[in-house]
2 protein chains.
Amino acid sequence: MAQKGSRKTVAKTPDIRTVAALAKVSIATVSRTINRSPAVSERLSKRVWQAIEQLNYFPNTHARTLVSGRSRLMGIIVENITNPFFPELIQSFEETAVAHGYEILVSSSNSDAAILTNCVRRMLERKVDGVAVMTFGEEEPVLNELVNHDVPMVLAEFHLEDPKASTILLDYTTGIHAAINHLVELGHRKIAFLAGPHKLHSAITRENDFRKAMQAAGLKPKKEWIVECDHTPKGGVAGFEKLKALPVRPTAILCSNDMTAIGVLRAAYMGGLHVPQDLSVIGLDDIDFAEFTLPALTTIRLSRTDLAEAAFEALRQQAEEPGNANIQREFLVSTSLVVRGSTGAPPSEA
Amino acid sequence: MAQKGSRKTVAKTPDIRTVAALAKVSIATVSRTINRSPAVSERLSKRVWQAIEQLNYFPNTHARTLVSGRSRLMGIIVENITNPFFPELIQSFEETAVAHGYEILVSSSNSDAAILTNCVRRMLERKVDGVAVMTFGEEEPVLNELVNHDVPMVLAEFHLEDPKASTILLDYTTGIHAAINHLVELGHRKIAFLAGPHKLHSAITRENDFRKAMQAAGLKPKKEWIVECDHTPKGGVAGFEKLKALPVRPTAILCSNDMTAIGVLRAAYMGGLHVPQDLSVIGLDDIDFAEFTLPALTTIRLSRTDLAEAAFEALRQQAEEPGNANIQREFLVSTSLVVRGSTGAPPSEA
DNA sequence: CTGCCGAAAGAAAGCGATTTCGCCGCACAG
DNA sequence: CTGTGCGGCGAAATCGCTTTCTTTCGGCAG
């Protein structure tokens, strides 16, 4: 109201037009310069870059996306962002994305189908170039919308029959076999498994691999030594209590993830059991924290970096080389055992 | 190549035009309907919504942003995403944002100015409506670019002289006083403080509050009992070692954050000290993990939810009510003591 | 000297929405 | 019966880019 002229004097962010005017070329040339098209002569290109620097100009991503159809945004949906495994995964995914000139959109589904549906919808609205679905869960029906919109996807441990979907297989076998062998070598025979919730693919796969590894070691776990938990410390506590109530107790517990193992560590401590003297505990994931539990956790490492890079690469290929029929559609991420302080020889038979 | 006609038969995502055609109205009416403008009659509105449902249409955010100038994107920059405090903060921030129809862009600066500059630039390119700077660090110079582009900002514990910047003050005083009183009541006199890196505002504030609280309790901490660490478990270990080497050792340690406290717990365990019998430890943040350390950590709670909600609200006000002069520019988030198992009476003088 | 070709640069047509402006028709007053 | 006002709707401009289509111009063969 007061100052009529003020609007004109505001230094609004520079336009592609502003650059063109300053460099005395057309906006087409500016666009070509920015996109490093070879069709622009060195002479003009230099002038344009100079103008860009001078104005501190950067292109408007939304305008770009609108016309080109590509947003340079990648979505990543994780199961539960408060499990440290996932922030570490996101961190790596972001670094890789940024290195390739992409931005990421993060969502946490909390294993809730309604929330997941909402995430998917929002990602579609933002026109992501691809989505990494790192939920390990029973999400297929919801993902149909992504399939319908032809959005590249990459799933962990799940194969989707769609030309735009890639799969990352996690080779738990190696790590779990190593873990069981480690325990057997220490003298353990009575080994329990705290499984993850059966609605997660990862939980099922891990449990099956446990069974196979036991069999390979010539051991047959009692049915009641395999108990389903929920991948949280609380779940670990609950699982431990169940095992403790059994007439014959295991001397070692392999957990479906580190959070569960942390719960077991806590429950054992409360119950007066010493780890590893009275009980050996092994986790899975090797989150950063595993090094700082008491005692430090022996665990099966699953590299977040490898997983994130594989996921991003799968999406990038699908997004940038849509014509290419030789795209890599399957990726493998391996696991390995990290021995720390939570495993030791079983207590002598008393 | 094979099927020429295939392109035409592909069901591309519906347009606002598609909707308009189906509902037999103009695209202007469709737009008004979507934006709930009162200028459209009930009769038409109903027809339009029906068409929208039928086509499963949703508007293109980029086109919207381009013309309206508002992206409904909020940026959040955190210090270090692998410190569990931050994922929990991001989680709350996202929930609040989504509830208000916004999306979030996450970046982790890792306390590196170059990375931070890059984050800021990327957020600018994506035309965020605001940025929550939750780095607690010495970032002022870099933020100038945001100021220059008139982007609303909210900073934690730092006051920026800019009409678009809001501040969230953290009232550590209450929590830290309670912690010191708690220790004093248990009988402690020799209380140490493991400070955070001095480049962080939060670390300085916390340290000052510690000094004040000690003074208020009639205690004077020795200079060598205040040692600077780096807010990680490793830092906690290092800090503990320094205190242990002292001729007169403290009987209680207050840590600048929970990660540090976790390091202390580990170092004490390795050094054969029992917590809380031989040493009391208090953290700050109350990350989810604090409940599962051995022993469970007594700590000063700083609510991530409160912080996130305040941050979002600050940004929302700035973004949505630019004319309003009565915008709330300062927010206060409080702290409180949570007593668990890591504090107890000091060992009797030996 | 004329004509043709190709490279380099500009003009202009969208991308999919929002929003201003103006038109139409109806109700109401004169 | 005609003039006025206003609510509801559509036409068209616009946001900042990419990309196709044209135009221009220099060089070289005929």
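Chain A is the first sequence line, chain B the second, and so forth, proteins listed ahead of strands; every chain is numbered from 1. These numbers come from a predicted model, not from an experiment.
- To the nearest 0.5 Å, the span separating CD1 on A:Ile76 from OG on A:Ser108 amounts to 10.5 Å.
- A salt bridge is absent between B:Glu103 and B:Arg72; no separation between the charged side-chain nitrogens and carboxylate oxygens falls under 4.0 Å.
- The aromatic rings of B:Phe312 and B:His100 are tilted relative to each other, their planes meeting at an angle between 30° and 60°.
- Less than 4.0 Å separates DNA chain D from at least one heavy atom of each of the following residues of residues 53-68 of chain B: B:Leu66, B:Val67.
- For the atom pair B:Lys164 NZ and B:Leu146 CG, the distance stands at 12.5 Å (nearest 0.5 Å).
- A donor-acceptor contact closer than 3.5 angstrom links the side chains of A:Arg122 and A:Ser107.
- For the residue pair A:Arg64 and A:Asn35, a side-chain donor N or O sits within less than 3.5 Å of a side-chain acceptor on the partner.
- At a non-hydrogen distance threshold of 4.0 Å, B:Val25, B:Ser26, B:Ala28, B:Thr29, B:Arg32, B:Ala39, B:Val40, B:Ser41 from residues 23-42 of chain B come into contact with DNA chain D.
- Counted by atom type alone, A:Gln317 and A:Glu313 present one or more donor-acceptor pairs between their side chains at under 3.5 Å.
- Atom CZ of A:Arg126 and atom CG of A:Asp129 lie 14.0 Å apart (nearest 0.5 Å).
- From A:Leu116, atom CG reaches atom CZ of A:Arg121 across 13.0 Å, with rounding to the nearest 0.5 Å.
- Here chain A contacts DNA chain D (any atom closer than 4.0 Å to a heavy atom, that is under 4.0 Å), and the contacts span D:dG16 to D:dT20 from 5' to 3'.
- From B:Arg329, atom CZ reaches atom CG of B:Leu160 across 9.5 Å, with rounding to the nearest 0.5 Å.
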